[in-house]
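When a residue number appears, it is its place in the shown sequence, counting from 1.
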Amino acid sequence: MKKVFIAVTASTLLSTAAFAADFGVINQPAPANYIPASNWTGLYAGIFGGVASSNLDLGILSGGTGVLDIGFTGGGMLGGVQIGADYQWDNFVLGAVADIALTNIGSEVNFSVPGAAPSIDGTVSSRLTHIGTLRARAGFLPTEDVLIYAHGGVAYAGTEQNASISIGGVPTAATGLLNPNHWGYTVGAGLEYRVTESISFQTEYAYVNLGTQTIYSDPGLGIDLDQSLHHHQVKAGVNFRF
């Protein structure tokens, strides 16, 4: 009797398993190396290019007192490389990115010191030779392959100035011209679209404020030129994830 009970039980279990298999209710475990299609966690490196519209604000000081504040607009292009890391949590992505670019973003402004005797006139041009940022970014995934994000952080740039000065209508060498580094901040937003597990395309807007630096100082003339730089960037690029 015991043998009959065992045989009936085994037959019932086998029939139930076969019935379940026919209706697809047996779940197979996911492979150990399975990665969801929407996983953005990891490192990446990329290249980018873009355009910028720039603003140069020139403050002219005579004897330590501001006598003139003028502005001029310009623009240019930039291209560079970046490296970053992201971490995905549910539909949110947090990350950090560092980039550096060569650029010809520049502006030029003409000035005249009011009330100066003899007259002091000149032209100053300024160009960014390179610009870099170190930023955090945070965004969300409306779909598994599209990331919309905001970003912000520290910006720095090297500048190159040229100037011509005339005193009483006579050209004078601008011997006190400086080429300082600028430090400031950047904020903006962007969109990144992943076309494969390892390649994504990116477009991004950024406002960059590089602060104020003295670019010309001549104790003999008694004048200083303070330069404030800020501009808007629009960039596009491609990232390679690994």
Q) Hey, mind stepping through Val208 and Gln233 against side-chain contact (heavy atoms from CB on, under 4.5 Å) and telling me if it holds? A) CA-CA 8 Å; Val208 183; Gln233 296 179 1; 3.8 Å; yes
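- Here the CD1 atom belonging to Ile83 is positioned 13.0 Å from the CZ atom belonging to Phe240, to the nearest 0.5 angstrom.
- A distance of 7.0 Å separates OG1 in Thr159 from CG in Asn181, rounded to the nearest 0.5 Å.
- By the 4.5 Å heavy-atom criterion applied to side chains, Ile148 and Pro142 are counted as neighbours.
- When each of Trp40, Phe92, Phe140 is checked for a side-chain contact (heavy atoms from CB on, under 4.5 Å) with Leu147, only Trp40 meets the rule.
- Hydrophobic clustering, with ILVMFWY side chains joined whenever heavy atoms are under 4.5 angstrom apart, groups Phe201 together with Val146.
- A distance-only check finds a donor-acceptor pair linking the side chain of Thr129 to the backbone of Gly158 [under 3.5 Å].
- Within the model, atoms OG1 of Thr196 and CG of Asp145 stand 9.5 Å from one another, a figure rounded to the nearest 0.5 Å.
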Q: Give the intermediate values and the outcome of side chain to side chain donor-acceptor pair (under 3.5 Å) for residues Gln202 and Gln82.
A: CA-CA 12 Å; Gln202 179 182 32; Gln82 63 184 4; 2.8 Å; yes
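- At least one donor-acceptor pair closer than 3.5 Å links the side chain of Thr103 to the backbone N or O of Ile105.
- Side-chain atoms of Ser166 and Asp121 form no donor-acceptor pair, as typed in the model, at a separation below 3.5 Å.
- Under a hydrophobic clustering in which Ile, Leu, Val, Met, Phe, Trp and Tyr are joined whenever their side-chain heavy atoms come within less than 4.5 Å, directly or via other members, Leu141 and Trp89 fall into different clusters.
- Note that CG of Asn39 and CZ of Arg241 are 10.0 Å apart. Values are rounded to the nearest 0.5 Å.
- In this structure, a donor-acceptor pair under 3.5 Å is present between the side chains of Thr214 and Asp226.
- In plain terms, the two heavy atoms of Ala85 and Tyr44 that are nearest each other are N-CE2, 3.7 Å.
- Side-chain atoms of Gln88 and Glu144 include no donor-acceptor pair closer than 3.5 Å.
- Closest non-hydrogen pair, Asn239 versus Gly46, comes out as OD1-CA, 3.5 Å.
- In this structure, Tyr149 and Thr203 approach most closely via the heavy-atom pair OH-O, 4.2 Å.
- Rounded to the nearest 0.5 angstrom, Tyr156 OH and Thr133 OG1 are separated by 7.5 Å.
- Following chains of ILVMFWY side-chain contacts shorter than 4.5 Å, one cannot reach Val195 starting from Val93, and the two form parts of different hydrophobic clusters.
- Between Arg137 and the options Glu204, His151, Glu192, a side chain to side chain donor-acceptor pair (under 3.5 Å) holds for only Glu192.
- Looking at Leu210, Leu78, Asn104 one by one, the single match for side-chain contact (heavy atoms from CB on, under 4.5 Å) with Leu128 turns out to be Leu210.
- Remark: Ile100 CD1 to Ile131 CD1 distance equals 10.0 Å, nearest 0.5 Å.
- The aromatic rings of His232 and Tyr207 are tilted relative to each other, their planes meeting at an angle between 30° and 60°.
- At a threshold of 4.5 Å between side-chain heavy atoms, the hydrophobic network of Ile, Leu, Val, Met, Phe, Trp and Tyr places Val238 and Val81 in one connected group.
- Looking only at atom types and distance, the side chain of Asn209 has no donor-acceptor partner in the side chain of His231 under 3.5 Å away.
- The closest donor-acceptor contact from the side chain of Ser54 to the backbone of Gly106 lies under 3.5 Å.
- Annotation: side chain of Lys235 is in contact with side chain of Asp99 (closest heavy-atom distance under 4.5 Å).
- Using a 4.5 Å cut-off between side-chain heavy atoms of Ile, Leu, Val, Met, Phe, Trp and Tyr, with links allowed through other members, Leu102 and Val234 fall into different hydrophobic clusters.
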Q: Take Asp57 and His230, measure what side-chain contact (heavy atoms from CB on, under 4.5 Å) needs, and give me the verdict at the end.
A: CA-CA 9 Å; Asp57 297 319; His230 52 104; 3.1 Å; yes
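- Shown here for Phe242 and Ala45, the closest heavy-atom pair between the two residues is CE2-N, 3.9 Å.
- A donor-acceptor contact under 3.5 angstrom links the side chains of Gln227 and Ser126, judged on distance only.
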